[in-house]
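Structure record follows, encoded as structure tokens.
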Amino acid sequence: MNTNTPKNTTIYDRFATLSLTAGAFGLLACCFGPPAQFACGCAAVILAWGSRNGQPLRGSAKAGFVLGIISAVSGIIFFIQYVWLINMIQDPANAGLVKELYRQTQDIMNQLIPSQPAG
């Protein structure tokens, strides 16, 4: 008797798995920028909703739905922060603050990567 037979998965089970994958990737997509994070989050929500098959969400579909919502909302929040930061940097009234921020960043980088003497 072979107990290693593959389980018959339906398209709805695959949607649930893809939803979980897209939701998890959406949380990791903050490295690529808010548009990628928002797109992955929306895809996770759509795939989770499509996996219902007339029944309530269950298992990985529910997890993918939650991760998708978190990814989409955080993508929107990060985008708003980026726009705010760009507007703040471009404002001439904040030139002193920007210079000080650059100086502090350069000091930290110099401490982390000390310069080596030539020769």
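Starting from 1, each residue takes its place in the sequence as its number. Values in this document were obtained by computation on a predicted structure and should not be read as measured data.
By the side-chain contact (heavy atoms from CB on, under 4.5 Å) test, Ile77 is found to be paired with Val73, Gln81, residues two or more places apart in sequence or in another chain being considered. In terms of the side-chain hydrogen bond (donor to acceptor under 3.5 Å, both in side chains) criterion, residue partners of Asn110 (sequence neighbours excluded) are, by chain and number, Gln106. Residues that satisfy the side-chain hydrogen bond (donor to acceptor under 3.5 Å, both in side chains) test with Gln90, not counting sequence neighbours, are absent from this structure. Arg58 is linked by a side-chain hydrogen bond (donor to acceptor under 3.5 Å, both in side chains) to Gln55, counting only residues two or more places apart in sequence or in another chain.
Annotation for Lys62 and Leu57: closest pair CE-O, 3.4 Å, computed over non-hydrogen atoms. Of all heavy-atom pairs spanning Ala44 and Gly23, the tightest one is CB-N, 3.4 Å.
Residues Ile89 and Leu97 share a single hydrophobic cluster, defined by chaining ILVMFWY side chains whose heavy atoms lie under 4.5 Å apart. Taking hydrophobic clusters as Ile, Leu, Val, Met, Phe, Trp and Tyr residues chained together by side-chain heavy-atom distances below 4.5 Å, Tyr102 does not share a cluster with Ile108.
Phe38 has its side chain out of reach of Ser71: every pair of non-hydrogen atoms, C-beta onward, lies at least 4.5 Å apart. Considering only heavy atoms from C-beta on, Ile70 comes within 4.5 Å of Leu27 through its side chain.
With a 4.5 Å cut-off between side-chain heavy atoms of Ile, Leu, Val, Met, Phe, Trp and Tyr, the cluster of Tyr12 takes in Ile11, Phe15, Leu18, Leu47.
Of the inter-residue distances, the one linking Ile76 atom CD1 with Gln37 atom CD reads 10.0 Å to the nearest 0.5 angstrom. Taken from SG in Cys40 to CG in Leu67, the straight-line distance is 11.5 Å, to the nearest 0.5 Å. Between the CG atom in Leu85 and the CD1 atom in Ile80 there is a gap of 13.5 Å [rounded to 0.5 Å]. For the atom pair CZ (Phe65) and OG (Ser60), the distance works out to 14.0 Å, reported to the nearest 0.5 Å.
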Checklist entry - Are Phe79 and Trp84 close enough, and set up right, to give a side chain to side chain contact (heavy atoms under 4.5 Å, CB included), and what steps lead you there? => result CA-CA 9 Å; Phe79 181 75; Trp84 173 78; over 6 Å; no

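A salt bridge (Lys or Arg N to Asp or Glu O under 4.0 Å) check over residues 79-108, counting only residues at least two apart or in different chains, returns the pairs Glu100-Arg103, Arg103-Asp107.
Panel note: side chain Ser51, backbone Ala61; no donor-acceptor pair is recorded below 3.5 Å.
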